[in-house]
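Beneath this line is the structure, given in structure tokens, with notes to follow.
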Amino acid sequence: MLSGISALAGTGKTPQIEYLIRLLSPKYKVATLSRGYKRKSEGFLLADETSNAEILGDEPFQFYTKFNNIQVAVDADRKNGIEQLLLQEQKPEVLLLDDAFQHRKVKAGFYILLTSYGDLYLDDFMLPTGNLRENKSGAKRANLVIVTKCPATLSLDEQSKIKVKLKLEPNQELYFSSIDYDDFIYAESKTMKLEEIRNVDKLLLAGIAKPEPFFAHLKSENEECLTFADHHHFGEKDLLAIKNKSQNKMIITTEKDYARLKDKLPNKQLFYLPIRSKFISASDNFDKTILNYVGTSTGNH
């Protein structure tokens with residue numbers, strides 16, 4: 001079974017993949033296949049104990065370190081990556097294709113399209129004018145659409161207005177999700193409640209697309225925020241600047257950035273705040289749709 005997820009940077013693709021991993025991995029042999037954006041390697045790679053964020057890419061490495069019961073692979077050539085995974089001794093039953101909606105050489109069995117609240121794909125344009133990688137009409141291939149990063153209190157009336165605007169096909173399902181922040185921050189050997197550090201002087205750091213909600217969730221008055229480009233590779237100058245800014249204060253970053261920084265900054269200072277994708281409503285229906293498809297698909301093979 002192939003599940004293709006399409007999303008622009010900052011749409012919430014990583015937490016949605018993790019949602020699917022949590023849903024499916026207790027019952028099936030799951031593998032993820034990603035491009036491995038900005039990795040310092042080429043070709044097909046299957047994650048193992050020698051892997052790191054530089055050779056896998058930050059998001060695949062996050063999957064690998066977080067879930068010990070799945071396979072994690074990277075390959076810019078998705079067709080080749082699938083073929084290589086199916087040659088493994090432990091052949092996956094479910095293959096989650098990370099951001100592969102537009103890869104026409106691969107036909108997934110089930111497509112999920114993500115679009116961000118306040119930045120719907122219908123309001124966007126094709127590259128280079130906008131951020132879309134293909135025409136808006138391509139959305140018709142999606143089995144279901146998720147409007148991500150919604151306010152947790154999004155009303156039914158607002159949901160209805162978005163549904164009318166998107167003009168989905170009769171067979172397409174629509175869901176709304178928000179970002180749910182963990183109650184704890186984590187370091188290599190320490191865990192702290194978020195409320196314990198609200199008024200502690202700290203440095204906030206993010207190298208992700210659209211980091212503003214992350215900063216807003218953590219920031220207290222007068223705290224400094226350092227912003228880097230999405231998937232940024234932290235060089236010596238960056239690390240020196242971070243150390244000078246922090247002045248031995250606590251440093252809190254995203255889980256994705258932590259994968260690239262944990263061996264480069266003092267582990268007593270460096271913490272990360274995990275996030276999850278949380279459906280505003282109808283999560284049971286979403287789970288049922290996915291599990292029904294996977295059950296039917298794997299049974300047919």
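We're numbering straight along the sequence, starting at 1.
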**Asked** Hey, quick one: are F228 and Y37 part of the same hydrophobic cluster, counting side-chain heavy atoms closer than 4.5 Å, chains of contacts allowed?
**Response**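 The answer is no; the residues belong to distinct hydrophobic clusters.
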**Prompt:** Are M192 and L265 connected in a single hydrophobic cluster, I mean Ile/Leu/Val/Met/Phe/Trp/Tyr linked by side-chain heavy atoms less than 4.5 Å apart?
**Reply:**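 Different clusters.
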**Request:** Show the numbers, then the answer: is there a side-chain contact (heavy atoms from CB on, under 4.5 Å) between L240 and K237?
**Result:** CA-CA 5 Å; L240 183 59; K237 289 185 179 179; 5.8 Å; no
Tell me whether [X] contacts the main-chain N or O of [Y] through its side chain, where contact means a donor paired with an acceptor under 3.5 Å.
X    : Y    : answer
K264 : L239 : no
K268 : P266 : no
Y111 : V145 : no
T115 : Y121 : yes
E223 : S220 : yes
Q269 : K249 : yes
Y64  : D48  : yes
Q62  : T14  : no
T289 : N285 : yes
T11  : S116 : no

With rounding to the nearest 0.5 angstrom, report the [atom1] to [atom2] distance, [X] to [Y].
X    : Y    : atom1 : atom2 : result
L97  : L95  : CG    : CG    : 4.5 Å
L270 : L203 : CG    : CG    : 10.0 Å
K140 : E169 : NZ    : CD    : 5.5 Å
I21  : K66  : CD1   : NZ    : 9.0 Å
D58  : R260 : CG    : CZ    : 4.0 Å
I146 : K13  : CD1   : NZ    : 13.0 Å

Measuring only between side-chain heavy atoms, which start at C-beta, is [X] closer than 4.5 Å to [Y]?
X    : Y    : value
K27  : E93  : no
K245 : I242 : no
L24  : L96  : yes
I82  : D75  : no
I55  : F61  : no
Y181 : P213 : yes
I162 : F176 : yes
F234 : L205 : yes

**Asked** Which heavy-atom pair separates I280 from C150 by the least distance, and what is that distance?
**Response**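 For I280 versus C150, the nearest heavy atoms are CD1-CB, 3.6 Å.
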**Item:** Closest non-hydrogen atom pair, A142 against L113
**Value:**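 Heavy atoms of A142 and L113 come nearest at CB-CB, 3.8 Å.
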Once you measure the plane-to-plane angle for [X] and [Y], does it fall in the parallel (<30°), tilted (30-60°) or perpendicular (>60°) bin?
X    : Y    : value
Y186 : F184 : tilted
Y175 : F286 : perpendicular
F279 : Y19  : perpendicular

**Request:** Apply side chain to side chain donor-acceptor pair (under 3.5 Å) to the pair Q16 and S177, showing each step before the final yes or no.
**Result:** CA-CA 9 Å; Q16 189 58 53; S177 70; 4.7 Å; no
**Message:** Would K38 and D230 count as a salt bridge (charged side-chain N to carboxylate O under 4.0 Å, His left out) here? Give the steps.
**Reply:** CA-CA 10 Å; K38 286 193 175 183; D230 195 18; over 6 Å; no
**Item:** Heavy atoms from other residues, nucleotides or ligands near CD of E236 exceed 12 (cutoff 6.0 Å)
**Value:**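 Incorrect, the count does not exceed 12.
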With a 4.0 Å cut-off, would you call [X] and [Y] a salt bridge?
X    : Y    : result
K190 : E196 : no
K256 : E59  : yes
D157 : K161 : yes

**Message:** Suppose we screen for side chain to side chain donor-acceptor pair (under 3.5 Å). Which residues come up paired with S25, at least two apart in sequence or across chains?
**Reply:**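 In terms of side chain to side chain donor-acceptor pair (under 3.5 Å), with neighbours along the sequence ignored, S25 is linked to N69.
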**Item:** Pairing residues for F215 by the ring pair (Phe, Tyr, Trp, His ring centres under 6.0 Å) criterion, not counting sequence neighbours
**Value:**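 Listed in chain order: nothing, the list is empty.
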